[in-house]
Structures are given as C-alpha cells and as structure tokens.
Amino acid sequence: GAGVSQTPSNKVTEKGKYVELRCDPISGHTALYWYRQSLGQGPEFLIYFQGTGAADDSGLPNDRFFAVRPEGSVSTLKIQRTERGDSAVYLCASSSQGGMEREQFFGPGTRLTVL
Amino acid sequence: DQQVKQNSPSLSVQEGRISILNCDYTNSMFDYFLWYKKYPAEGPTFLISISSIKDKNEDGRFTVFLNKSAKHLSLHIVPSQPGDSAVYFCAASAQEYGNKLVFGAGTILRVKS
C-alpha cells in the first residue's frame with residue numbers, strides 16, 4: 001500500500017513569510033507525528049496527534065509553529081514569520097496505535113530553506 | 001540533555017564482515033527501542049525494534065541486543081553488504097510519553113566492497 005507522503009518535497013521561502021507543509025499518513029493510521037531534522041542531528045519531536053486532537057505539542061519550539069489534523073487523516077504544519085533558523089527537513093510519521101509494536105513509518109520529508 | 005546517544009559518528013566495515021552500531025540511553029522510562037536506516041534525500045526507514053522485556057531480537061541479517069542494566073543497545077549486521085551503507089539512527093520511546101521517538105544523532109555506516 002501507499003506509504004506516508006509529504007508535500008512539497010522542497011520549499012524555499014524568505015524570512016518573515018508564512019509556510020504550510022502537508023502530510024498524508026498511511027491509511028488507517030490513527031497516530032501522526034511531526035519531527036524536524038537539522039544537519040548532522042537526529043530527528044527531533046515536534047507534535048503528536050491521536051485522531052484529530054494534538055495529544056502532545058511539547059516539541060513545538062515557539063508559538064510561530066502550529067499544526068492541525070481536522071479530519072483525523074491529513075495534517076498541515078504551519079510556520080508563521082519564518083526565520084533562518086527554521087531551515088531544516090520536516091518529517092512526518094504515522095503509526096497504528098494499539099498492539100505491542102510501536103513502529104512509526106516516515107515520509108520522505110520536506111526540506112525547508114529560509115533565505 | 002541528550003537522552004539517546006550514538007557516540008560513533010561513523011563506521012567503516014569490509015563487505016562480508018560484521019557491523020556493530022552502538023547506542024546508549026539515559027532515561028529509564030524508555031521501554032521500546034528502534035533502529036532506522038536513512039539514505040540521502042529519503043525519510044528514515046524502519047529496520048528492527050525491541051521491547052524492554054526482551055534482550056534480543058533477530059530479523060535476517062539484523063540483530064538488536066538490549067542491555068537494560070547498562071542502558072545500552074547495539075545493532076549487528078551480518079554479513080554486511082555495500083547496500084547497507086547509510087546513516088543508522090537509534091530511537092527510544094515510552095508509553096508514558098505517547099510513544100514519541102527520541103533519536104540519537106546517527107552513525108554513518110560505510111561498507112566497502
């Protein structure tokens with residue numbers, strides 16, 4: 001079946017602009033996660049959705065970052081007033097909750113560059 | 001503070017030999033551990049996992065060992081193949097934290113033919 005998809009694959013924007021990054025999880029997966037990966041580091045957790053609600057947004061760096069998942073499937077990560085330090089690869093992952101195995105399946109990521 | 005550490009930034013191994021990648025963690029709440037492989041310009045791909053109730057899990061050429069008392073896990077790849085060359089990430093999760101993954105910084109594995 002189809003895996004996790006993310007659009008766009010690349011986004012270049014100017015400092016101060018607003019951007020939206022989209023994630024389509026694996027069909028039927030109730031849990032959705034956003035991570036951010038900077039060069040030379042592992043992915044860092046941003047926010048976790050269980051269904052439509054944000055169950056844990058403790059990883060969002062500040063209030064410029066916001067994410068939604070209105071129908072419990074597709075999610076959008078929104079960044080306002082972008083800064084150069086927001087440049088990174090934004091990864092989305094989904095998993096089916098319940099059961100013993102807790103693997104998360106990742107999309108290819110969106111590379112965001114803020115000039 | 002780094003809760004998951006991969007202290008070797010890179011590892012070079014001859015084709016056919018064993019690759020051993022190591023990972024240490026500090027948080028005793030972690031109860032599930034995973035290894036991911038990542039190629040350039042792709043997202044991480046799940047490789048193998050282990051629950052804290054086990055000390056070993058094997059899947060083909062890949063085996064993960066968990067030493068809870070030492071808070072240490074390792075991934076063994078035998079035999080190593082050139083296609084295994086990638087960045088390997090160790091990750092840990094806890095049910096109490098909603099299963100969000102905490103990653104190490106990664107180890108670049110290069111398998112020479």
Side-chain angles (χ1 to χ4, degrees), chain A residues 2-10 21 23-26 29-51 53-60 67 88-111, chain B residues 1-10 21-25 27 29-54 57 59 62 64 75 86-108:
Chain A
V4 178
S5 63
Q6 292 186 245
T7 53
S9 55
N10 279 284
L21 312 178
C23 172
D24 269 281
I26 292 172
H29 278 189
T30 57
L32 185 147
Y33 302 79
W34 283 98
Y35 295 84
R36 177 168 75 171
Q37 185 175 18
S38 300
L39 198 61
Q41 298 180 19
E44 292 180 304
F45 169 77
L46 294 176
I47 186 169
Y48 153 53
F49 288 90
Q50 182 58 251
D56 182 355
D57 64 358
S58 62
L60 294 178
V89 175
Y90 289 81
L91 294 162
C92 176
S94 70
S95 72
S96 58
Q97 292 295 82
M100 290 298 295
E101 298 184 344
R102 309 204 305 244
E103 293 79 14
Q104 295 179 22
F105 299 91
F106 283 81
T110 294
R111 179 175 296 278
Chain B
D1 66 332
Q2 258 190 306
Q3 298 186 68
V4 177
K5 295 182 184 178
Q6 293 176 256
N7 291 320
S8 297
S10 63
L21 297 105
N22 293 301
C23 178
D24 297 291
Y25 62 97
N27 192 334
M29 297 293 288
F30 290 143
D31 59 0
Y32 202 79
F33 303 89
L34 309 92
W35 285 93
Y36 283 83
K37 180 166 85 170
K38 187 179 182 306
Y39 294 118
E42 294 183 12
T45 301
F46 170 72
L47 206 52
I48 193 170
S49 61
I50 188 167
S51 165
S52 60
I53 62 173
K54 297 184 176 180
N57 188 25
D59 183 2
F62 303 92
V64 55
L75 174 67
V87 181
Y88 288 78
F89 290 99
C90 168
S93 73
Q95 275 195 322
E96 284 79 2
Y97 304 150
N99 298 331
K100 64 187 178 188
L101 298 179
V102 180
F103 284 86
T107 296
I108 301 170

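Labels below follow one simple rule: chain letters A, B, ... track the order of the sequence lines, proteins then strands, and each chain is numbered from 1. Remember, it's a predicted structure, so these values are computed and weren't measured experimentally.
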task = Give, as side chain, backbone, both or neither, the part of A/Ser95 having an atom under 4.5 angstrom from any heavy atom of chain B.
result = neither
ask   = Is it the case that A/Arg102 and B/Ser93 place a side-chain donor and acceptor less than 3.5 Å from each other?
value = yes
inquiry  = Can you tell me how far apart OH (A/Tyr48) and CG (B/Leu101) are? Round to the nearest 0.5 Å.
reply    = 11.5 Å
inquiry  = Treating A/Gln104 as the side-chain partner and B/Phe46 as the backbone partner, does any N or O pair qualify as donor plus acceptor under 3.5 Å?
reply    = no
key: Separation between NZ of B/Lys38 and CZ of A/Phe106, rounded to the nearest 0.5 Å   = 10.5 Å
request  = Using a cut-off of under 4.5 Å on heavy-atom pairs, state which of B/Ala91, B/Gly106, B/Pro44 scores highest against chain A.
outcome  = B/Pro44
key: Heavy-atom pair with the smallest gap, counting every atom of A/Leu91 and B/Gly43   = CD2-CA, 4.2 Å
task = Can you tell which part of A/Gln6 gets under 4.5 Å to a heavy atom of chain B, answering side chain, backbone, both or neither?
result = neither
inquiry  = Heavy-atom pairs under 4.5 Å with chain B - which of A/Ser9, A/Gly107, A/Gly42 has more of them than the others?
reply    = A/Gly42
ask   = Is the backbone of A/Glu103 close enough, under 3.5 Å, to the side chain of B/Tyr32 for a donor and an acceptor to pair up by distance?
value = no
request  = Write down the atom of B/Phe89, the atom of A/Gln37, and the distance for their closest heavy-atom approach.
outcome  = CZ-NE2, 3.3 Å
request  = Side chain from CB out, backbone as N, CA, C, O: work out which of these in B/Tyr97 comes under 4.5 Å of a heavy atom of chain A, or both, or neither.
outcome  = backbone
inquiry  = To the nearest 0.5 Å, what is the distance between CZ on A/Phe105 and OG1 on B/Thr45?
reply    = 10.5 Å
